[in-house]
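Worksheet: the structure to be examined is printed underneath.
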There are 2 protein chains.
Amino acid sequence: MLQKSLPMPTPISFSVHDHRACMIQAIDQAKQLCAKRKLRLTAIRQQVLQLIWQSHKPIGAYDLLALINQQGGKAAPPTIYRALDFLLEHGLIHRLASVNAFIGCICPEHGHQGSFLICRQCHRAQEVTHPTLTSKLQKLAQAQGFAVESTILEVSGLCQACQREQA
Amino acid sequence: MLQKSLPMPTPISFSVHDHRACMIQAIDQAKQLCAKRKLRLTAIRQQVLQLIWQSHKPIGAYDLLALINQQGGKAAPPTIYRALDFLLEHGLIHRLASVNAFIGCICPEHGHQGSFLICRQCHRAQEVTHPTLTSKLQKLAQAQGFAVESTILEVSGLCQACQREQA
DNA sequence: GATGGGACGTTATAATGTTACAAAAAAGTC
DNA sequence: GACTTTTTTGTAACATTATAACGTCCCATC
Ligand SMILES: [Zn+2]
Ligand SMILES: [Zn+2]
Ligand SMILES: [Zn+2]
Ligand SMILES: [Zn+2]
């Protein structure tokens, strides 16, 4: 079960857009999702989610920790990791293993693995869908007798803006 | 440039096989490759490569460090990481970001990104090819104006043996 | 208003990876 | 061979990322 084929929002990380609106929408969506599933979006969990969305690029656990403590909090690593675990578990964020950082999920309802384009220059990342790709992968794995449970797919390279800057 | 389409050896990690023969062949191949490219496969680099191949599953940097020091060495982390960097740079090993571990490459001549099936139970991993998959991915990225430089694809799940054991 | 499970605070520690600089070894040059 | 230059290794300290253990608090339910 890699991904359901519901429509996903258009990815826009690499485009100019009102990121504050993204965050507000994401928080709102998270609240609804937690209400629906009877989960507790506690103050810290919401704060972590908000900080992740406020960042225009994937953010590390200790950067989050610093931000929280700048804002008057007095958190320790376990606090952050517990919040991150909760958000991960319920699909509200993704973890990018190749850069040890976290990013908000653009469609938390889906229950999916994320796939990401990550710019090595500006460090922004964008979640993308891989419609046929997922099934191809499934077949490839099944041919080996391997039962897929989850997949990480992280593409590193240059986003359009950074390509232009390079030239 | 994700991958050239030369023939790759049949993956056998999850099958019963003479792993010692794998290692000997891999070391031999590494020596040839380094000779051809005028690279220096120093004692430590060869030892690290050999230890990686001796392990029947991906192995972490600090486990390698411990093994080397068990064998009479007196290495510190930088020693290991430098050897790993060399081996990575020249495609002799791969790094599995999702488990922070290293694994020997089954076809170091190719200059490719690896894709891996990783069993969450027995922790063995197997490198696989993704012939059409790579090009699909390229197209997907290009549609976003993204210039791909490298890709990590790591599939987690259960290998055939562990599936049977489960049942 | 007891009580039980989940969430959080706190301290310490584990695991992974890097910087900086000195010494040694190897390779190139005459 | 003696010199210089480059590459590799040794060593100590440090940085980053993540977890363990245990006690306390909150709060929903009974
Ligand atoms: Zn997502
Ligand atoms: Zn960029
Ligand atoms: Zn390989
Ligand atoms: Zn297995």
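None of the values given here were measured: they were computed from a predicted structure. In what follows, chains carry the letters A, B, and so on, assigned in the order in which the sequence lines appear, proteins first and then strands, with residues in each chain numbered from 1.
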### Query
Does B:Phe116 have its ring centroid less than 6.0 Å away from the ring centroid of B:His94?
yes
Does a donor on one side chain sit under 3.5 Å from an acceptor on the other, for [X] and [Y]?
| X | Y | result |
| --- | --- | --- |
| A:Thr151 | A:Gln113 | no |
| B:His123 | B:His56 | no |
| A:Gln163 | A:Gln121 | no |

Using nucleotides 9-15 of chain C, report all nitrogen or oxygen pairs with the protein that are shorter than 3.5 Å.
| residue | atom | partner | partner atom | Å |
| --- | --- | --- | --- | --- |
| C:dG9 | OP2 | A:Thr79 | OG1 | 3.4 |
| C:dG9 | N7 | A:Arg82 | NH2 | 2.6 |
| C:dG9 | O6 | A:Arg82 | NH1 | 3.1 |

### Task
For the residue pair A:His19 and A:His17, categorise the inter-ring angle as parallel (less than 30°), tilted (30 to 60°) or perpendicular (more than 60°).
perpendicular
Specify the separation, in whole Å, of atom [atom1] of [X] and atom [atom2] of [N].
| X | N | atom1 | atom2 | result |
| --- | --- | --- | --- | --- |
| A:Asn100 | D:dT19 | CG | P | 11 Å |
| A:Lys38 | D:dT29 | NZ | C1' | 14 Å |
| A:Arg45 | C:dG6 | CZ | P | 11 Å |
| B:Leu88 | C:dG17 | CG | P | 11 Å |
| B:Ile80 | D:dT8 | CD1 | C1' | 14 Å |
| B:Asp85 | C:dT16 | CG | C1' | 13 Å |
| B:Leu84 | D:dT8 | CG | P | 15 Å |
| A:Tyr81 | D:dA18 | OH | P | 4 Å |

### Message
For C:dC8 and A:Arg40 - does any side-chain N or O of the residue sit under 4.0 Å from the phosphate oxygens OP1/OP2?
### Response
no
### Query
Does a salt bridge link B:Glu109 with B:Lys36, judged by any charged N lying under 4.0 Å from a carboxylate O?
yes
### Query
Considering heavy-atom distances to DNA chain D, does B:Ala83 or A:Ala61 have its closest nucleotide positioned more toward the 5' end?
B:Ala83
